[in-house]
Each structure stands twice: as C-alpha cells, then as structure tokens.
Amino acid sequence: MNRLLIEHTEGLYGRVSIQGAKNSALPILTATLLCDDVCVIENCPNLSDVDVTLDILSSLGAKVFKDRNNVTIDSSRANRHRISKSMMAKMRASILFLGAVASKMGEVELCLPGGCKLGPRPIDWHIEALSKMGLNVSCNCNGKLYCKVEEKFNGAEINLPLPSVGATENIILAAVLAKGKTIINNAAREPEICDLCDFLSKCGAKITGAGENQIEIVGVNKLCGTKHKVIPDRIVATTFLAATAMVGGNVKLENIVSEHIKIIIDILRQIGCTVNATFNTVQILSDKKLKAQGEVITEPYPGFPTDAQALFMAISTVSKGISVFVENIFKNRYKHVDELLKLGANIKALDRIAVVTGVKELRGNCLNAKDLRGAAALVIAAMTAKGSSILTGAEYLDRGYENFESNFKKLGAKIKRI
Ligand code: UD1
C-alpha cells in the first residue's frame, strides 16, 4: 500500500493540529540514552523514523514503552554498544547514536547511516569533532565504524565548517557528560537544536547559547530523568501552508510556533496569500492567484529551509512569472523536478539552480517519489493538477508525516492510499 491516488482538489478548508517535530524527537529520544532515570517524551510523532530510533534504544538495552504520542524510556540498564546494519541503514539520524553510545558505554560499533538520498551526506565533521573530544576510531572501513573513548569524552573547542544540524547535535550529546567545557563555533541554530538543549538542561546538563552560533557546554557527572514535550513540526506546518497556497482555500494551523516559520509566512504573503498569525496559530487564505517567488535560496536557520524547497518549487510551477531556486544545503535535492515536469511544469535545473516558469495548469500523471519532502511536494502539485495522479514511493511520507492522508482528507483533499 505504498501508492497514493490523488485527484484534483478544489480547495482545502478547516483546521489542523500540527504534530511534534520529527527532527526534535529523534535527537531527544537518542539523548534519553544518557539519562540514569526514566524520561517521558510527550508529543512524539508517530512515524517510522521514531520507531527505528526506539528499536535502536531497545537493542541497546533500554526499556521503551510507547503509548500513542507519549514515549517512556528507561535507559538506566542500557549496556550494549552495537547497532545493527539494518537499523542504521533506515535513517540518517541514526548517526546521532555515535556520540550518545560512545559517551554512555565508552565504545560503539555501528555502520554508516542511510536515509533520504539528497546527494552525498558525509559524516566527516561528526567524526572530526568527536575525535578532538577523545573518540578513537579503530576501524572505519567497509561502511563500518568501531570507536572507543578512554574513560570519558574531553571538552574541546570545535569549529564547524558549516552549521551542520547533525554534527552540532552529536557534539552536544558527547559534551554533556564530558570532562570539562566544550565550545561549538558555527553551531546550527535550528529550533530543534534548542529543543534538544532544553530537554538536556531539564535533565541537569549545563548548556548556554542554544539558538546562537556559539554553544557552550560544561560536562556534568550525571543526567537525571525528566518529562519533555517535543516542539511542533515547522516543516509539517509548512506543508499544509504550501498545499493551501497552491490548491486554494482557508486553513488554520493550530499548535505551532509561528516564529519558527516566519520566513515561510513572509514569502506566502509576498506571493499573494493572506496569512494571519498569532503566537501558536497561523491561518492562510489563498485564491490561487499566486505571483512568482523571485529568488529562493536555501540556507541554515533562520534562512529558507532546504526541507521546504520542494514544496515551494511545487507552488512556483503554477505561479505567474519566474522563480529561481538555489539549493545551498544538499547537492542533489532536485529529484522532484523530473516528476513535476511530468505534470506539465516548466523547470530548467542545472546543478544547484532551478529556474521555474509558472504555467497555467498542471495535468495528472504517474509520479515516483524519491525522498520525504519531495513526496509531499508531488502530492500538493498533484492535488492542483487536472485529473488524477498516482504516486509511488508514498512510504517516504510515513517517515515524516503522521496521518498524512487522513489529515489532508479532513481538509477536503481527494487522496487515498491504494
Ligand atoms: C538535518 C535534518 C534535515 C535537514 C538538514 C538541513 C534531521 C534528522 N535532519 O539533516 O531534515 O534537511 O538538517 O537543515 O534533523 N555535511 C558534511 N559533513 C558532515 C555533516 C554534514 O559535509 O559531517 C554537509 C551535508 O552533506 C549537507 C550540509 O552539511 O550538505 C548540511 O547537513 P546537516 O545540517 O548536517 O544535515 P542533517 O543533520 O543530515
């Protein structure tokens, strides 16, 4: 059942409550491994990537109990250090276990992570930073890594070449129980980094500067358990906004932090949508008469997110005028382009640049999703297209969206899994 039938949808209307953020839940769940007591993580989205993280925690010896969106984890007796190749291969975020397991067990054995194919996704900055903190990599061959830490990680000053989200998180996970102080220069500033630091601070970690480009962590001897609610998912929120902008209608998002999607709201207003935002709701009204977006350049937070690039490219296919996309974060994140062309879009893409000239209408076709956000972009484009479309690769959606079809159906979308 990994195909979706998507029919032309006249408009989206109603309210939708936004799920917890995948990119917060994954590092926070990983971080529970470092705690000596029980942690309760609330608002944890029901996603296949979350299940993989929980499976890894269980395989390391943690006790895991999931009740809908609440997960209880007791890692006090976790004592294993090996993660199977099949689990590592399921998602990129599994690499966060490198810092966490090495910190807790003093050694770790794992394979290179899998995940959406957005071009090469090396982990050299993770390894370099953790090595500076005392990680000894004794085997890094055939996709396998075996590493040891003498007693404890040591605090260090790390200068990241770019503000990598995953590398920042891995360093934080290694640093909270390290000997001495760690400074991360050029740290990622995403809200999900702040959420991870909020969680760890509640557990007793000493962290300052989360959300800024320099984070300072003073290692403590032990972390206790806590209860923590995951922040709302800004990319899921962006997906509903992009869909409404493109398909037309009037949709109110609830349980979000509008500040996290400020740049998205600004662009939606510029292209002709009405957007009313309060602290934790956003309402969008669209009559589908959209203007081109000009230049859209993906950047680290608070810039335009790479995870929203495909969604906004979908919008630009039917917006009046020319939009130019520059993908600065990932080298190969235009896999949705060929599929949008099948719907009748006018896109010229070369290397990191894509030029989109809006067309009058799209027409349904058979589409193939190749990554999570690309899949969502194809769905919203297919909803706008005349006729019906069939999308294969719909399993990608389950990695990041809870109840994808039913949430869209409630708003009036004609979409079903076949
Ligand atoms: C995270 C998000 C992903 C988002 C991305 C950028 C999670 C689970 N995933 O991915 O949704 O699209 O941030 O906002 O939170 N790089 C290296 N060497 C490294 C690490 C990164 O060259 O050791 C490069 C990457 O190839 C990429 C860039 O740095 O070109 C940014 O990657 P990074 O911020 O690390 O992304 P992820 O943490 O993988």
Side-chain angles (χ1 to χ4, degrees), residues 20-31 45 47-50 52-53 56 88 90-100 112-132 135 137 140 145 158-174 184 186-197 213 230-231 233-236 238-239 260-261 263-264 297-312 326-336 351-352 371-377 396 399-401:
K22 167 177 89 77
N23 289 354
S24 267
L26 302 182
I28 289 172
L29 291 171
T30 306
L47 304 170
S48 54
D49 277 11
V50 166
V52 174
T53 306
I56 295 177
M88 286 301 294
K90 284 186 180 146
M91 59 171 191
R92 165 84 179 171
S94 57
I95 194 59
L96 299 179
F97 280 98
L98 178 64
L112 295 180
C116 283
K117 305 278 177 282
L118 311 176
R121 294 180 82 177
I123 54 162
D124 49 337
W125 304 338
H126 299 238
I127 303 276
E128 267 167 41
L130 298 185
S131 299
K132 203 167 172 194
L135 188 80
V137 183
N140 184 358
L145 269 178
I158 312 286
N159 299 310
L160 285 174
L162 285 170
S164 154
V165 174
T168 303
E169 290 168 344
N170 234 333
I171 298 163
I172 293 170
L173 292 171
I184 312 174
N186 208 13
R189 298 164 60 194
E190 272 70 1
E192 295 76 20
I193 300 278
C194 299
D195 205 21
L196 171 66
C197 292
N213 57 14
V230 172
I231 58 167
D233 196 308
R234 63 196 167 97
I235 304 301
V236 171
T238 299
T239 305
H260 293 169
I261 51 168
I263 193 157
I264 300 291
I297 303 174
T298 66
E299 286 171 329
Y301 189 84
F304 185 85
T306 174
D307 287 349
Q309 176 256 108
L311 294 161
F312 276 71
V326 183
E327 174 53 67
N328 272 327
I329 308 293
F330 292 107
K331 275 198 183 122
N332 192 0
R333 208 171 189 177
Y334 284 146
K335 291 199 171 146
H336 43 281
D351 197 17
R352 290 178 182 266
D371 64 76
L372 163 59
R373 305 303 169 188
Y396 282 110
R399 299 190 52 195
Y401 296 91

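Whatever order the structure lists ligands and atoms in, that order sets their numbers, starting from 1.
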- Rounded to the nearest 0.5 Å, what separation is found between the CG atom of N159 and the CD1 atom of I184? 11.0 Å
- Query: Out of curiosity, F304 CZ to I264 CD1, how far, rounded to the nearest 0.5 Å?
  - Reply: 4.5 Å
- Message: Give the atom numbers and elements of ligand 1 that come within less than 4.0 Å of a heavy atom of R333.
- Response: 12 (O)
- Task: Looking only at distances, please establish whether an N/O atom of ligand 1 is found under 3.5 Å from an N/O atom of R92.
- Result: yes
- For G166, counting its heavy atoms only, list the atoms of ligand 1 lying under 4.0 Å from any of them. 35 (O), 38 (O)
- Note on the structure: To atom 34 (O) of ligand 1, the nearest of L160, D49, V165, L96 on a heavy-atom basis is V165
- Can an N or O of K22 be found at a distance shorter than 3.5 Å from an N or O of ligand 1? no
- Message: Is it the case that the side chain of E327 and the backbone of I329 share a donor-acceptor pair, with hydrogens and angles ignored and the cut-off at 3.5 Å?
- Response: yes
- Note on the structure: Output for pair (T53 OG1, I28 CD1), nearest 0.5 Å, gives 11.5 Å
- Nearest candidate to atom 26 (O) of ligand 1, where distance is taken over non-hydrogen atoms, out of P113, P122, P27, P161: P122
- Task: Using a 4.5 Å cut-off on heavy atoms from C-beta on, say whether the side chain of L145 contacts that of I127.
- Result: yes
- Min N/O separation F330 to ligand 1 under 3.5 Å: no
- Message: Yes or no: does D124 have any heavy atom under 4.0 Å from an atom of ligand 1?
- Response: yes
- Message: Please report whether ligand 1 has a polar contact with A93, defined as an N or O pair separated by less than 3.5 Å (distance criterion only).
- Response: no
- If you measure from each non-hydrogen atom of I329 to ligand 1, which part falls under 4.0 Å: side chain, backbone, both or neither? both
- Message: Would you compute the distance between atom NE2 of H336 and atom CZ of R373 and round it to the nearest 0.5 angstrom?
- Response: 13.0 Å
- Task: Using a strict 4.0 Å cut-off to heavy atoms of T306, name the atoms of ligand 1 that fall inside it.
- Result: 6 (C), 12 (O), 14 (O)
- Message: Any non-hydrogen side-chain atom of N170 less than 4.5 Å from a side-chain atom of W125?
- Response: no
- Item | Test: D307 and R333 ion pair at under 4.0 Å | yes
